[in-house]
Amino acid sequence: MSADDKDDIDQSSAPLIDHLIELRSRLMWAIGGFFVAFLVCFFFAKQIFNLLVIPFQWATQWAGLDASKVDLIYTAPQEFFFTQIKLAMFGGLVLAFPMIAMQVYKFVAPGLYRNERRAFLPFLIASPILFLMGAALVYFFFTPMVMWFFLSMQQVGPDNAVQISLLPKVSEYLGLIMTLILSFGLVFQLPVVTTLMARVGLLTSQGLADKRKYAIVAAFIAAAILTPPDPVSQIGLALPTILLYEIAIWAARMVERKRREEEAARDADEADQPTA
């Protein structure tokens, strides 16, 4: 343990009551940030919901239908109100996540060594970026694909005796797109999680590579559980998961290579030190 690390630990040592006060302060900031973001999202809930309906409109265009006639319904008087609350909670959590993550980091940072703090910060930045990448993939590609798949099951036209049209409920459509965003957002955290575990020695790149075939099976099982029961969204989640697993293997190799280089440099420095 270096002298800097010892100084870090000495400076961070505090009585239990001080840690509890610090925890309360961080929780208040995190809850307050979420509450403010929730109010903002609830005020603009209808506009946000209209924004989320745009992929549905794209799907109607892909299906050759009139995008201006996209209709969603609610069958209970309070349904759309509670849908807006769910939307505000979801949006508030997304908006407040950077602040919540920063409060968590500020609480645990005094207990980390200086090199651990430097190693942790990049992952704190990469996590929301990867989540937004997964959400963007859902918004611009997979939601239109899923809705196009469902729209293709309609029975319309003068040649059919029975007209069967898709009229989704606002709560069910929001539940669908929220499920997809959460599923893809969490899956896109795979490189972050595996890289962190590789840094602390819980995983190795060779171990990940050896379990590749099990990971492929697990990816399809997870996709079947997390996504709606249609092949488009299930395959659409499983394939990026497998790709991210390969990226995780590569990231673990980079971590191991850097660790070997640091150990070699440290051994060289120790060898250069004059012996007493």
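Atoms considered below: every heavy atom in the structure, side chains included; atoms not considered: hydrogens, waters and symmetry mates.
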- Task: List the steps, then state whether side chain to side chain contact (heavy atoms under 4.5 Å, CB included) holds for Thr75 with Lys169.
- Result: CA-CA 8 Å; Thr75 57; Lys169 297 171 63 177; 3.5 Å; yes
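- Relative ring orientation between Phe81 and Phe42 is described as perpendicular, the plane-to-plane angle rising above 60° on a 0-90° scale split at 30° and 60°.
- Here the OH atom belonging to Tyr245 is positioned 11.0 Å from the CD1 atom belonging to Ile242, to the nearest 0.5 angstrom.
- The number of heavy-atom neighbours closer than 6.0 Å to CH2 of Trp148, taken from other residues, nucleotides and ligands shown, is 12 or below.
- For the atom pair Leu174 CG and Ile48 CD1, the distance stands at 10.5 Å (nearest 0.5 Å).
- Enclosure of atom CH2 in Trp29 is not indicated, since only 12 or fewer non-hydrogen atoms of other residues, nucleotides or ligands lie within 6.0 angstrom.
- To the nearest 0.5 Å, the span separating OG1 on Thr241 from CZ on Phe184 amounts to 7.5 Å.
- Open room surrounds CE on Met28; 12 or fewer heavy atoms of other groups in view lie less than 6.0 Å from it.
- The aromatic ring centroids of Tyr173 and Phe56 lie less than 6.0 Å from each other.
- A salt bridge links Glu246 to Arg212: at least one charged side-chain nitrogen sits closer than 4.0 Å to a carboxylate oxygen.
- A heavy-atom distance below 4.5 Å is not found between the side chains of Tyr139 and Thr143.
- In Tyr74, the OH atom is not crowded: 12 or fewer heavy atoms of neighbouring residues, nucleotides or ligands sit closer than 6.0 Å.
- Using a 3.5 Å distance cut-off with no hydrogens or angles, the side chains of Ser127 and Gln189 do pair a donor with an acceptor.
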